[in-house]
Amino acid sequence: MATYQEFIQQNEDRDGVRFSWNFWPSSRLEATRLVVPVSCLFTPLKERPDLPPVQYEPVLCSRANCKAVLNPLCQVDFRAKIWACNFCFQRNPFPPSYAGISEVNQPAELMPQFSTIEYIVQHGPPTPLIFLYVVDTCLEEEDLQALKESLQMSLSLLPPNALVGLITFGRMVQVHELSCEGIAKSYVFRGTKDLSSKQIQEMLGLTNSAPLGQQGRPLVPQDAAAFCRFLQPVHRVDMNLTDLLGELQRDPWPVPQGKRPLRSTGVALSVAVGLLEGSFPNTGARVMLFIGGPPTQGPGMVVGDELKTPIRSWHDIQKDNARHLKKATKYYEALANRSAVNGHSIDIYACALDQSGLLEMKCLSTLTGGHIVMGDSFNTSLFKQTFQRVFSKDYNGDFRMAFGGVLEVKEMGVGGTNQWKVCSLTPSTTLGIYFEVVNQHNAPIPQGGRGAVQFVTQYQHSNTQRRIRVTTIARNWADAQTQIQHIESSFDQEAAAVLMARLGVFRAESEEGPDVLRWLDRQLIRLCQKFGQFNKDDPASFRLSESLSLYPQFMFHLRRSPFLQVFNNSPDESSYYRHHFVRQDLTQSLIMIQPILYSYSFHGPPEPVLLDSSSILPDRILLMDTFFQLVIYHGETISQWRKAGYQKMAEYENFKQLLQAPLDDAQELLHARFPMPRYIDTEHGGSQARFLLSKVNPSQTHNSLYTWGQETGSPILTDDVSLQVFMDHLKKLAVSSST
Amino acid sequence: MARGPQRNLLNKRAVPPASGAGAPPPMPLPSNPLAPPPCGVTPPTPHPGPPPPGYMTTPPPPLGPIRSQVEANSSQSESEPAVEGVVLVLSRALAACRQTVKDQVCNDVAKRLHLLEDSWKSGKLSLPVQRRMDTLVQELQAGHWDSADEIHRSLMVDHVTEVSQWMVGVKRLIAETRKLSPELLEPLQKPAEPALDPVESVQDPVSQS
């Protein structure tokens, strides 16, 4: 029997699923006593190069309120050609096309190795992908030039049949007509007045030529394209659009001294969403918003145009001093919901030195599965390369983006369906799904001893095919009274840490910060009380089994992370970090919670080291990956050698190689990750060393130095509690009879 | 944890020692209780010892991967490719397209080919761009459409500032040329003889600013 680690890993590799508990408690009461809910991280479109899609429709259970998909857990009578649904026990006949199946000739969807399987279900002609660029022209000249070039470049990366459109805005909002001949025309909207979807469509002339075919039925999208002058196929308008982009000017309205440019982001987005709603509802589309600062006029404004009024900080928000926050957030939420209903996703590419209003606008991407990219300027490799990666292709040469996703979760014995619109997905998009065990306490374990869950994801592939991916998994029920050890050893502490962290972030967005930390601490103490082995009131006796041993450490780092500690960051930065945290897969999420630290030295090959100040040594180079930053830190001696130039001398070739090694390893991460991390090269005493120093566990601080007398490692100037102190407190509280 | 086919470097964490729940190693007791407490940071010595000398037998490996496109094996020397050769092939392709493709489009492409030629002749194009354009037209001549397309894309991604003004014309040219029937492609496939072949002179469209 494989170890639990192997079991967990195999399941993740095959099904993209990681459960917090792999043995499920058989009653609701017992489930709540486990503290960490029965929940899973699920990556619906996990890349599976080894899984070719099948070219037929899935077989469904005939019961109206079930409709589960045929899967390896179903009982099959090959002679009578009947299968029993494992969710509702309905007996279903196989369709006629399955007449030839037998024990030795099984369809793929019945075989255990196809617990995850993908079906191609094209109905009717394929619909093209749509990309609508919404571009802020209130940028510095250099920035605008760089952005224009990136957009021109992207035209070469779009598939020739994709539809593309352009809206530019500043004080006014301009929708550009993309005809191939004659003078370029555009429709201008005032940036101060919001319009309804209908008004926008009327003004753009979209309702007059309502595209109806011969029998009065709506034309399919590729014919509608002929009617929509604003969204045209790339292969037809690429030259014109390249010129149009090249000729874009900065917003012509002069910006007086002491003022911000008037930026009508709200209306621009409203026009974009209305345009797509009117011409291409229910088709995969991507609105790509490029902004160089906050919205300063019209609906959705985040800050006024007076520079002396700064954009809201966390302090302002805490003191209820953010005038526009509620109204703006509500405005963008409404737009996001309309977009999501149509399966259209919205990306935000925000490059500015100050905040751009991501806090208010974040819902546009979160609710539609779009990207958020944050940078200092469009004229940086961070933006340019990240933007290129939006269009990266997989092993089949298809974009790593999917549209119009709808996820349905089926569980045993639960009637009805649970459906979520996910709109836009990538192969790494990972959802956190939390289950509630509904069995009554002391009710017998359900028939068969195993619980099952089925995830059905319908989506439009980037090659325009419609597909359905089905993942069906099962886990054993366990009676918590008699089998608590099984449940305990089935704990996946990595998954649990991320799932609890996501809950924490969700709470943090509506509750006060300290309340969330208290909640998190309480859950941790309860978990330790439940599963720790200890003698009452004897902290030194406290032990945790291997399956839980790393969990407290994850919680320690989570408490210090920018997801829960907001006052060191702007509201936009916090929003940005949180946005990425709640959609990445487990490995990346863990890196965000507890960054990885590798040490390079002459003493041996590079090795992972503790994220602790004791790992900072003079003769080491450290490479830290926080997901958002890649920090290369040169220890004191290393940095002195570097300054002295030893790497340039022939006899010290090995030193040159040592300096290069972390750079080479960092390149791999820099090139693969989306969004591209910020690359920081620093050294002992460098101002940017703070990125490293703020993350490591401060086991030696200026307070602790003389008490402990340890000679290794660099002390950290902080009053943060160290992991050691945290663990001491945790043990005390867990073993105490009064907690 | 090891993942599927992709190599996932730098994904391991240091395992904290097994004493209790992930606590850092216990503090070592000072060996000599009479030694003075360690002062915060030892001051740097003005002349720190050199790093331990390494072996010098083999020459060092080249630093890092060379991140450019794998160029088609060409018998060319290291010298710059000739602009005339590149422009000739593109002009021939354009001429072949004139029969079936709309005038407006062809003129638009021609305009951009002129831009390409001007940029090249005035030294605005870097050597990598020139070389890749040379390879691109070779692929075009050979009918390797996808390969030519890939090169155009790589140029747009890596050198957008230099090429953005005219590259979309080349892109369109590839797209249109590949749709032509084989007999129209024959002139394109003739080897280039710049001295003898007249370069197509294009009607200048109504002057655009």
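Protein chains get the first letters and strands the later ones, always in sequence-line order, with residue 1 at the start of each. Predicted model, so just to flag it, every value in this text is computed and none were measured.
Of the two parts of B:Val163, neither the backbone nor the side chain holds a non-hydrogen atom closer than 4.5 Å to a non-hydrogen atom of chain A. For A:Glu546, no part lies under 4.5 angstrom from a heavy atom of chain B. Within the 4.5 angstrom heavy-atom criterion, atoms from both the backbone and the side chain of A:Leu590 approach chain B.
Interatomic distance, A:Thr242 OG1 to B:Gln165 CD, rounded to the nearest 0.5 Å: 11.0 Å. The distance from atom CE of B:Met167 to atom OG of A:Ser156, rounded to the nearest 0.5 Å, is 7.5 Å.
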For the pair B:Val109 and A:Met239, evaluate side-chain contact (heavy atoms from CB on, under 4.5 Å) and give the outcome as yes or no after the intermediate values. CA-CA 8 Å; B:Val109 173; A:Met239 290 205 284; 3.7 Å; yes
Run the side-chain contact (heavy atoms from CB on, under 4.5 Å) test on A:Leu241 and B:Val168 for me, step by step, so that the C-alpha distance in whole Å, both residues' side-chain angles and the decisive distance to 0.1 Å come before the verdict. CA-CA 10 Å; A:Leu241 188 50; B:Val168 65; over 6 Å; no
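Side chain of B:Arg153 to backbone of A:Met153: no donor-acceptor contact under 3.5 angstrom is found.
Taking A:Tyr551 as the reference, A:Phe491 meet the ring pair (Phe, Tyr, Trp, His ring centres under 6.0 Å) condition, with sequence neighbours excluded.
Checking B:Thr161 against A:Glu149 by side-chain atom types alone, a donor-acceptor pair falls below 3.5 Å.
Residues of residues 173-183 of chain B placed with any heavy atom under 4.5 Å of a heavy atom in chain A are absent; none qualify.
Between B:Lys171 and A:Val234, some side-chain heavy-atom pair lies under the 4.5 Å cut-off.
A:Asp243 and B:Arg112 are joined by a salt bridge, as a carboxylate oxygen and a charged side-chain nitrogen come within less than 4.0 angstrom of each other.
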